[in-house]
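Protein chains get the first letters and strands the later ones, always in sequence-line order, with residue 1 at the start of each.
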Amino acid sequence: MRTLTYVAAIREAHAQLLERDARVFVIGQGLSSPWYAGGSLDHLDRDFGCGRLLDSPVSENAVTGMAIGAALAGMRPIVFHPRMDFLLLAMDPIVNQAANWSYLFAGGAGVPVVIRAVINRGGEQGAQHSQALHALFMHIPGLKVVMPSTPADAKGLLIAALEDPNPVLYIDDRWLYGHTGPVSESMTATPIGKAAVRRAGHDVTLIGISSMAAEALEAAQDLAEEGIDAEVIDLRSLKPWDRETVLQSVRKTGAAVIADPGWRTAGAAAEIAATISEEAFHSLRAPTVRITLPDAPAPASRVEERAYYPGSGAIACGARRAVEISGRQTRHTQGAQYLQGATA
Amino acid sequence: MRTLTYVAAIREAHAQLLERDARVFVIGQGLSSPWYAGGSLDHLDRDFGCGRLLDSPVSENAVTGMAIGAALAGMRPIVFHPRMDFLLLAMDPIVNQAANWSYLFAGGAGVPVVIRAVINRGGEQGAQHSQALHALFMHIPGLKVVMPSTPADAKGLLIAALEDPNPVLYIDDRWLYGHTGPVSESMTATPIGKAAVRRAGHDVTLIGISSMAAEALEAAQDLAEEGIDAEVIDLRSLKPWDRETVLQSVRKTGAAVIADPGWRTAGAAAEIAATISEEAFHSLRAPTVRITLPDAPAPASRVEERAYYPGSGAIACGARRAVEISGRQTRHTQGAQYLQGATA
Amino acid sequence: MARQGMTRPLTWWRDRWRMMFLIRTAEETVAQLVSSGEARCPCHLCIGQEAVAAGVCAALGRDDSLWGGHRSHGHYLAKGGSLEALFAEILGRTSGCSGGRGGSMHLIDREHGILGAVPVVAATVPLAAGAALAYKMRAEPRIAVAFFGDGAIEEGQVHETMNLAALYRLPLVFVCENNLYASHLHWSERRAADNLDQVGAFHSVPGFRVDGNDIEAVFQAAEAAVERARSGAGPTFLECRTFRWRGHVGSSFDLDVGLKRRGELAEWLLQDPVSRCEEKLARMGMLNLAEEKEIIREAVAAALTAARAGPEPEEARMLDHVWVDREEPARCVH
Amino acid sequence: MARQGMTRPLTWWRDRWRMMFLIRTAEETVAQLVSSGEARCPCHLCIGQEAVAAGVCAALGRDDSLWGGHRSHGHYLAKGGSLEALFAEILGRTSGCSGGRGGSMHLIDREHGILGAVPVVAATVPLAAGAALAYKMRAEPRIAVAFFGDGAIEEGQVHETMNLAALYRLPLVFVCENNLYASHLHWSERRAADNLDQVGAFHSVPGFRVDGNDIEAVFQAAEAAVERARSGAGPTFLECRTFRWRGHVGSSFDLDVGLKRRGELAEWLLQDPVSRCEEKLARMGMLNLAEEKEIIREAVAAALTAARAGPEPEEARMLDHVWVDREEPARCVH
Ligand SMILES: Cc1ncc(C[n+]2csc(CCOP(=O)(O)OP(=O)(O)O)c2C)c(N)n1
Ligand SMILES: Cc1ncc(C[n+]2csc(CCOP(=O)(O)OP(=O)(O)O)c2C)c(N)n1
Ligand SMILES: [Mg+2]
Ligand SMILES: [Mg+2]
């Protein structure tokens with residue numbers, strides 16, 4: 001299969017969706033700008049015309065509401081927010097309207113809208129231009145939330161989001177835009193609600209969300225060198241999330257590390273940790289570790305930014321701790337015992 | 001001490017705060033209406049004048065922003081939202097502005113604003129007029145969140161919120177307005193971040209939030225009759241929350257039930273459950289039970305409403321389950337064994 | 001924009017009157033249900049404002065879409081919604097237009113182009129614009145109408161929507177029912193000037209002030225606005241001045257709520273849109289409406305009886321429809 | 001509102017020029033820091049727009065408060081903010097005005113009444129109104145000024161705030177720097193008409209259009225608006241028409257961004273507010289500004305040197321100030 005970057009995969013998904021279905025259009029702030037979409041929408045306006053790429057005024061509330069209304073009138077809109085921070089201006093249409101609509105009217109009307117929001121952090125942008133607010137939306141009944149970590153899923157989940165008859169929040173991360181991977185040329189949806197086991201392992205389960213899934217995979221490689229065999233799950237969907245895959249893995253490994261690019265308190269990782277402790281209570285041999293942002297807004301200075309965003313190192317560290325407490329016989333501990341025996 | 005209702009305690013706190021400090025004022029939608037504030041602000045406009053009780057147009061975003069600006073200019077505003085649902089229109093000022101301000105400017109400016117929002121549910125009002133969205137705010141660094149369950153704390157936490165130099169979200173619940181209890185006539189603050197142990201017990205810890213703390217206390221009474229001795233903690237503050245009190249109790253009882261008036265997924269109860277499983281892992285003898293709303297918007301019909309809102313019964317049920325799994329020798333199990341022995 | 005002097009046939013006046021009288025009778029019935037406690041959900045009655053719903057909807061086609069708010073019983077009926085489904089919804093029955101899930105404040109009937117009424121103030125205004133955008137993109141001759149109150153103008157999203165509607169020349173009509181109050185607050189407690197018809201001027205949305213208790217004036221203004229929208233010329237704003245006879249919510253008259261409501265109500269009662277229409281009918285020779293009234297009253301009573309027979313939801317189905325499970329087969333025009 | 005014909009002394013013109021030249025020089029310095037990579041945070045330069053900041057702030061007292069947005073270096077300097085603290089902030093030093101926590105887009109200096117500039121478009125507009133409310137409640141003679149761009153008008157909260165400001169007669173001045181673009185979009189891609197000065201009309205906020213590159217015109221309009229606010233007559237809206245020479249963000253010129261930017265820029269370069277002020281000074285006899293310029297350039301260079309010497313934050317203190325721990329002792333006028 002050919003290789004694409006994450007950003008090219010997003011762009012291709014848009015192009016193919018626009019091509020396939022006349023009901024699809026994109027609306028939002030910055031569609032045609034050289035900055036806002038980071039290449040993910042490049043030239044779509046040229047290829048499909050401004051009539052289907054509406055680069056809108058700065059009116060997050062009304063623009064999001066319009067996308068919802070258009071969806072209710074038979075279109076398949078993608079409403080674009082170049083930063084997730086700006087969703088805070090569109091909470092009424094997203095949470096009060098789109099999320100409730102199906103339930104309110106007893107299924108009489110779904111809202112097939114895709115709300116695309118970008119985690120656009122780092123670069124000393126500071127607290128109002130760095131937020132990863134996915135946990136807020138994970139809490140809301142009636143929404144679906146997806147967070148692809150690979151180019152294939154960046155494409156596949158956008159397709160799935162668009163095909164879903166419900167409001168789906170699609171969250172991509174600028175830090176992943178340069179990542180490469182195989183991407184099908186055809187329009188293959190990644191099923192919403194299904195996690196992906198990126199690496200099988202026996203000693204500990206690493207559950208990664210969005211960019212942290214990629215970091216978890218890296219951590220697993222480092223851990224493997226130390227003889228710790230980690231299973232890596234890329235959650236991909238946050239709502240609904242794939243409890244079965246996660247629980248099955250944790251029941252096997254007995255220990256879990258959750259890596260989440262959001263804040264700690266009442267975040268996505270809390271839900272997963274709580275569920276694990278409820279549903280895999282008797283298999284769990286060590287406390288679940290949450291690797292998250294600290295409970296602080298994003299700083300601007302690079303020094304503080306470096307300390308603020310955890311990566312594969314922190315995940316590996318958490319995994320070592322979990323494995324140690326779990327008392328599992330890993331190749332790592334077996335080796336250590338063997339050496340102890342040899343020197344005894 | 002004299003007895004007051006919860007609603008009278010809120011009103012008294014407002015009156016005393018307005019009386020004591022010329023910097024205090026109240027702004028928001030519905031202050032002087034016969035409906036919106038449910039008696040919690042009755043006649044304050046008459047007693048303190050419209051200059052200090054600004055019954056505002058329906059402009060949640062700008063009104064909340066104004067309260068924040070006034071706080072930054074030396075006032076001590078209380079901005080009132082008669083339903084928590086309407087906070088969704090004021091997320092930018094609350095989350096992007098007020099919560100970030102101190103951190104953004106390295107402590108150069110705090111935002112001493114109280115954002116008061118009411119959980120106003122039931123009565124067949126339906127999905128957009130029933131929400132308990134506290135978990136969204138618990139996730140946000142820089143905010144404080146309090147949820148009194150008793151008349152004394154309804155007064156004490158409003159005073160504390162106002163005295164705090166940070167933005168504090170004060171959430172009261174209309175279902176508690178008629179509850180009565182002793183309330184000090186003086187202005188005694190309830191410390192933010194301190195839970196209250198409402199009942200000491202050994203077999204299981206019931207942790208209640210807002211109205212669910214009252215339900216938990218009721219559940220404990222029922223459980224006591226069955227010989228289960230529950231400890232009841234009223235969390236009172238959600239952010240920061242009192243980890244120490246909760247963990248100390250769970251380390252003692254080995255089992256916990258969290259009763260939260262919000263949705264389940266990624267809610268407040270998830271954070272508490274996750275923390276318990278991290279920090280009291282080796283003491284925990286049963287999976288923590290979360291008693292929450294189902295992951296569904298609020299229905300309107302009374303039949304569905306009845307099923308939707310859990311109460312003391314569900315809490316007691318969860319507690320029995322936890323106690324049973326924990327294998328703890330309660331008076332209940334001891335009695336059963338005794339009887340078994342007697343009949344053997 | 002008014003085309004003065006046009007004479008409409010008696011049937012036109014009779015049909016408008018029928019709709020207004022139907023709304024009035026239905027609302028009085030709801031008031032009784034509220035007073036008796038049989039209806040438990042919050043009900044915001046439009047008694048006194050019937051001409052706005054009836055007049056605007058008379059200018060709409062079935063394919064045009066309507067969006068409303070918390071006070072939308074009249075909009076729903078005028079656009080063709082079923083009386084029984086309305087009562088059933090208010091009584092929390094699964095036979096309600098929203099399956100008993102919404103109550104009075106959440107109404108829908110997609111087959112009649114009622115795409116949704118919900119109680120967050122101003123919430124459906126951008127949604128209506130989105131529907132209008134859909135029609136425009138598909139080059140369909142439909143238009144969308146957003147009904148909202150004077151209070152909604154205080155919400156920023158209405159202004160955002162006006163700009164977007166003008167920019168994209170959307171086939172949209174903004175209908176503001178200015179009943180001078182938002183809940184307990186008189187307009188003068190919420191704005192510096194009484195000029196709601198000017199709200200769109202800045203955004204290039206032409207605005208007109210209409211006597212909202214004059215069914216013909218409302219219809220004329222709506223017809224012109226609808227025509228403008230349908231022709232591709234863009235959105236129009238209508239301020240329909242009116243007054244609600246009952247209180248903000250429920251069946252009470254709120255006589256002591258608000259600045260000067262008691263006196264205002266006395267004056268507005270003289271402007272009853274139903275009586276004004278009856279006078280017109282009388283002038284045109286239709287003097288006796290007793291039989292007509294009886295037919296409508298019976299229809300309303302029958303609808304209520306049928307609604308009462310509807311089943312209450314089953315607890316066990318409480319979690320249905322959090323999500324739409326699949327694309328519903330296209331069962332309606334929208 | 002302009003008081004035509006008033007002759008201002010040479011010193012007035014010289015002081016205004018000094019401020020504009022200071023802002024220009026500082027911004028050119030920032031542009032270099034961005035180009036060289038020394039400044040890493042997003043910087044939105046106001047080169048070409050200096051007269052708005054300098055003109056409005058000349059009409060303000062130190063106790064008056066200023067609120068800004070993403071493009072606020074000029075506002076900060078004109079209101080008295082420290083050059084060194086600005087550079088230090090941009091370079092992420094703890095000696096920065098925001099302790100290195102904010103970078104270019106988050107500026108504060110409470111001692112000079114700069115209560116905050118943050119990059120969420122329109123976010124500080126309601127905050128400014130809140131400050132104005134505080135002054136009014138305390139019967140202080142202060143006023144608040146909100147600076148924002150033409151794009152901010154598209155955010156509903158600005159309209160909400162205008163209504164509230166008029167209703168409460170707040171001592172507030174809205175200053176809209178209309179540079180014709182919001183990021184890459186020309187006004188004509190965002191609105192149906194070029195009429196921003198009309199935005200307040202509906203809300204009873206008088207509005208004036210001003211040549212934003214004419215320092216005297218800006219000052220006159222601001223002075224009148226400030227006087228109106230301070231006298232208790234309420235808010236005023238000023239549309240200052242101007243143009244940014246550099247691109248939306250960073251040091252590039254964005255020549256190929258936007259509908260017709262290249263041609264527009266060529267025309268607007270001829271309207272350079274600094275040169276126009278220099279011509280005026282020349283006409284008044286002050287022909288040689290070389291020495292003046294040198295002094296300012298040296299001050300800017302010295303500030304940069306001092307800023308560069310500031311310490312970077314310590315990782316270990318990253319969690320400080322999530323909350324304010326206690327009431328800070330009143331260390332400033334606000
Ligand atoms: C966003 C929001 N804020 C506040 C409310 C509470 N509320 C319900 S109706 C109403 C007044 C609406 O007044 P108006 O728009 O004039 O409609 P009317 O009731 O007069 O028909 C308010 C403020 C709400 N429903 N939604
Ligand atoms: C709420 C919000 N939406 C979008 C953005 C992205 N954004 C940053 S600057 C800008 C344009 C602002 O234009 P204008 O107000 O005219 O100010 P100018 O840049 O021209 O000075 C936008 C849309 C933002 N910062 N905040
Ligand atoms: Mg009204
Ligand atoms: Mg601009």
Side-chain angles (χ1 to χ4, degrees), chain A residues 28-37 45 50 53-65 81-90 92-93 120-131 263-265 293-310, chain D residues 39-43 70 88-94 96 98-106 118-123 149-158 182-185 187 189-191 247-250 252 254 256-259 311-323:
Chain A
Q29 191 257 311
L31 303 191
S32 65
S33 97
W35 320 281
Y36 285 114
D45 51 350
C50 290
L53 274 103
L54 288 86
D55 193 348
S56 76
V58 203
S59 306
E60 285 81 2
N61 186 327
V63 165
T64 307
H81 295 275
R83 294 175 183 284
M84 203 165 189
D85 315 72
F86 306 154
L87 285 188
L88 293 166
L89 287 152
D92 179 66
N120 189 346
R121 59 200 161 132
E124 304 202 342
Q125 299 180 100
Q128 298 185 346
H129 275 48
S130 301
Q131 292 167 95
W263 291 306
R264 184 182 180 84
T265 296
L293 298 184
D295 282 319
S301 103
R302 62 176 164 186
V303 180
E304 292 185 317
E305 273 187 349
R306 254 190 317 257
Y308 183 75
Y309 295 107
Chain D
R40 296 162 306 268
C41 62
C43 293
H70 58 289
E89 190 55 40
I90 289 171
L91 295 175
R93 309 303 160 106
T94 56
S98 311
R101 270 287 166 67
S104 155
M105 303 194 294
H106 306 88
V118 297
V120 170
V121 164
D150 45 309
I153 304 279
E154 293 148 24
E155 293 285 5
Q157 65 201 80
V158 170
S183 318
H184 56 301
L185 291 187
W187 71 261
E189 296 170 288
R190 299 177 284 119
R191 295 191 49 74
H248 170 64
V249 60
S252 125
D254 281 7
D256 299 312
V257 175
L259 263 189
E312 292 203 89
E314 293 165 50
E315 250 188 61
R317 310 211 55 177
M318 183 187 69
L319 299 184
D320 287 3
H321 306 302
V322 172
W323 283 308

Student: Quick check on D55(A) against chain D: is it the side chain, the backbone, both or neither that has a heavy atom closer than 4.5 Å?
Tutor: both

Student: Top residue by heavy-atom pair count (under 4.5 Å) with chain A, among E315(D), R191(D), E312(D), E155(D)?
Tutor: E155(D)

Student: Using a cut-off of under 4.5 Å for heavy-atom pairs, which of G100(D), G99(D), G96(D), S98(D) has the most such pairs with chain A?
Tutor: G100(D)

Student: Check whether the ring centres of H129(A) and H106(D) lie less than 6.0 Å apart, and answer yes or no.
Tutor: no

Student: Please report the shortest heavy-atom distance between C41(D) and S104(D), naming the atom on each side.
Tutor: SG-N, 3.4 Å

Student: Nearest 0.5 Å, please: how far is CD in E304(A) from CD in E124(A)?
Tutor: 10.0 Å

Student: Please classify the contact between L88(A) and chain D as side chain, backbone, both or neither, with a heavy-atom cut-off of under 4.5 Å.
Tutor: neither

Student: Under a 4.5 Å heavy-atom cut-off, does chain A meet the side chain of M105(D), its backbone, both or neither?
Tutor: side chain

Student: Is chain A contacted by the side chain of R317(D), its backbone, both, or neither, given a heavy-atom distance below 4.5 Å?
Tutor: backbone

Student: Give me the atom names and distance for the closest heavy-atom approach of Q29(A) to S56(A).
Tutor: N-OG, 3.6 Å

Student: Which bit of Q157(D) comes within less than 4.5 Å of chain A, counting heavy atoms only: side chain, backbone, both or neither?
Tutor: side chain

Student: Can you see which heavy atom on S183(D) is nearest to which on W35(A), and at what distance?
Tutor: CB-CZ3, 3.7 Å

Student: Between R302(A), R83(A), Q125(A), which residue shows the highest count of heavy-atom pairs closer than 4.5 Å to chain D?
Tutor: R302(A)

Student: For the candidates I153(D), T94(D), V249(D), V118(D), which exhibits the highest count of non-hydrogen atom pairs separated by less than 4.5 Å from chain A?
Tutor: V118(D)

Student: Pick whichever of H248(D), R190(D), E314(D), R101(D) has the most heavy-atom pairs under 4.5 Å with chain A.
Tutor: R101(D)

Student: I'd like to know which of P42(D), G92(D), G151(D) tops the heavy-atom pair count under 4.5 Å against chain A.
Tutor: P42(D)

Student: Any idea which of P313(D), G156(D), A152(D) has the most non-hydrogen atom pairs under 4.5 angstrom with chain A?
Tutor: P313(D)

Student: For A182(D) and D150(D), which heavy atoms make the closest approach, and how far apart are they?
Tutor: N-OD2, 4.0 Å

Student: Classify the side-chain pair Q128(A)/D85(A) by whether it contains a donor and acceptor separated by less than 3.5 Å.
Tutor: no

Student: Mind listing the closest non-hydrogen atom pair of M318(D) and P294(A) along with its distance?
Tutor: CE-CG, 3.8 Å

